[in-house]
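First comes the structure, then the notes that go with it.
Note on naming: letters A, B, ... go to the chains in the order of the sequence lines (proteins, then strands), and numbering restarts at 1 for each one. As the structure is a prediction and not an experimental result, all values here were calculated from the model.
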There are 2 protein chains.
Amino acid sequence: MDKVTQIKSATLSDDLTQRLTAEIVKGVLPLGSKISEPELAKRYGVSRGPLREALVKLETLGLITRTANVGARVIDLNIDDLLDTYTLREAMEGMAARLASELISEQEVTELYKLLDEHQAHLDSNHDEHYANQYGNEDFHLRIIHASQNKKLIRVLTQDLYATIRMYRRYTADSRPDPRQALREHKAILDAIANREGDLAELLMRRHISRAANLLKKAMLQNSISQGNTGQ
Amino acid sequence: MDKVTQIKSATLSDDLTQRLTAEIVKGVLPLGSKISEPELAKRYGVSRGPLREALVKLETLGLITRTANVGARVIDLNIDDLLDTYTLREAMEGMAARLASELISEQEVTELYKLLDEHQAHLDSNHDEHYANQYGNEDFHLRIIHASQNKKLIRVLTQDLYATIRMYRRYTADSRPDPRQALREHKAILDAIANREGDLAELLMRRHISRAANLLKKAMLQNSISQGNTGQ
DNA sequence: CCTTCCAATATTGTCGACAATATATGGATA
DNA sequence: TATCCATATATTGTCGACAATATTGGAAGG
């Protein structure tokens, strides 16, 4: 491995957690592939100690599964898991939208409107729609989540769930939701939040996420993402 | 340490995770106390390797906090955290109740009614109210959660959140919710689920949990649980 | 008396080696 | 040829020791 790009972090274990997360999401470590501790340790130039600590963390993030005395595997995406994940996300982000309606500041609201305007401009100028949509989409959601000011909610969503969500989005990259429709929905959600209508904001956020889940589900059914078991 | 009660588990790390979780919830390891790796390792007769893996897990469970090159501390309970936790629980168990309304079998419904009848009998015979309520309360909630059939939801709730919830209940043991009121609410929730009224079930579950949170909050305000920083 | 700096100590982070378990190989038998 | 079992190999689990960092305690200076 020639990547000498040392990511500076306090501890090797944290480094590895970040790197491995990235590699799994990117697909460098294929879905369902076996993870060999000696091999990975050699590849990253570290001993197995910190590597194993990172693996424990990845397991709790739901990115790998571990079996005692057998080893770890990258998770395999499937529709049931996708739906479970998005249902959970629906509950949590719905709550986040409700809380945001109560707690968000006027300034944050203004910034969010500006953000959506930018997205609109991006779409109108028509360049790089995919990227703009993906990036903007996540940015919008993250801001709502943080506006909830609920530390537990923020942690579970941004740290645990979003890694999985990014994976599902990546592996269904071909058929993405219509960015203009998504933007309309974002606008409606933000309107509800700005008007301090918590019930409505929660409802709209839930529908928005539920709709995304359905699209991803269709994408998975078509693509039949059954490749990926390349790892011995 | 004279506890030779070897809990048989596949791996030392898993063993330690369970034991440490229990000790933290029980209060053997005081709130906010520093965790010394050498000391704990000696106490359990293991090396620091598996112990550290267990600590990584405990951190993700939210039972301890770790700082690089400094060490780990048992979490300290406070009202903000309590409210955050219960708000999250509200969102997730509310969703669980909704899903259960769609997915639960008639047999499971029957069993749940039987369970509530038993609780009623316990209360009427009036012995050991506290224990009966606590045990029965958690049992009821766990069954609803599992009836949701959502693996992600089940995992986060039963593994991540409930450890914290048990701690808050333990440290506010003095003033507990009225068991008869709780039972009435359980019955109403179950009725909604049995009638396949998902919206209502979710609403009632949320109120039920919100009410519990308020009671715990009051208890914390009165008791002012600021002791517990005994650990150097 | 308080503050600052430095050395001594203790704790955490990392490593390489050994033990325990699972997997792969290959031969014997039906 | 297929199946079963025993051996060999590889991988995971655990350990003790060393390196790096933080904490403690005391001396020097203001």
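- Applying the side chain to side chain donor-acceptor pair (under 3.5 Å) criterion to A/Ser105, with sequence neighbours excluded, gives A/Glu108.
- Every residue two or more places apart in sequence or in another chain was checked for a salt bridge (charged side-chain N to carboxylate O under 4.0 Å, His left out) with A/Glu90, and none qualifies.
- Residue contacts for A/Gly71: at a heavy-atom cut-off of 4.0 Å it reaches the sugar-phosphate backbone alone, with no base atom in range.
- Applying the side chain to side chain donor-acceptor pair (under 3.5 Å) test to A/Asp14 and every residue at least two apart in sequence or in another chain returns A/Lys57.
- Where DNA chain C meets chain B (any atom under 4.0 Å from a heavy atom), the bounding nucleotides read 5' to 3' are C/dT11 to C/dT14.
- Map A/Val70 and A/Ser13 each onto its nearest nucleotide of DNA chain C; the residue landing nearer the 5' end is A/Ser13.
- With sequence neighbours excluded, the residues that form a side chain to side chain contact (heavy atoms under 4.5 Å, CB included) with A/Ala201 are A/Ala97, A/Ser101, A/Ala192, A/Ile193.
- Within the structure, salt bridge (charged side-chain N to carboxylate O under 4.0 Å, His left out) pairs that include any residue of residues 154-168 of chain B comprise B/Glu138-B/Arg166 (at least two apart or interchain).
- Under the side chain to side chain donor-acceptor pair (under 3.5 Å) criterion, A/Glu37 pairs with A/Arg48, A/Arg52, not counting sequence neighbours.
- At a non-hydrogen distance threshold of 4.0 Å, B/Arg52 from residues 52-60 of chain B come into contact with DNA chain C.
- Remark: A/Ile75 pairs with A/Thr65, A/Leu77, A/Met167 by the side chain to side chain contact (heavy atoms under 4.5 Å, CB included) rule, at least two apart or across chains.
- With sequence neighbours excluded, the residues that form a side chain to side chain donor-acceptor pair (under 3.5 Å) with B/Asp81 are A/Lys152.
- Under the rule for a side chain to side chain contact (heavy atoms under 4.5 Å, CB included), the partners of B/Gln149 that lie at least two apart in sequence or sit in another chain are B/Leu103.
- Toward the 5' end of DNA chain C, the nearer of the two residues B/Ile35 and A/Gly49, judged by each one's closest nucleotide, is B/Ile35.
- Contact check of residues 62-69 of chain A against DNA chain D (heavy atom, cut-off under 4.0 Å) returns A/Ala68, A/Asn69.
- Side-chain atoms of A/Thr87 and B/Leu153, non-hydrogen and from C-beta on, never get closer than 4.5 Å to each other.
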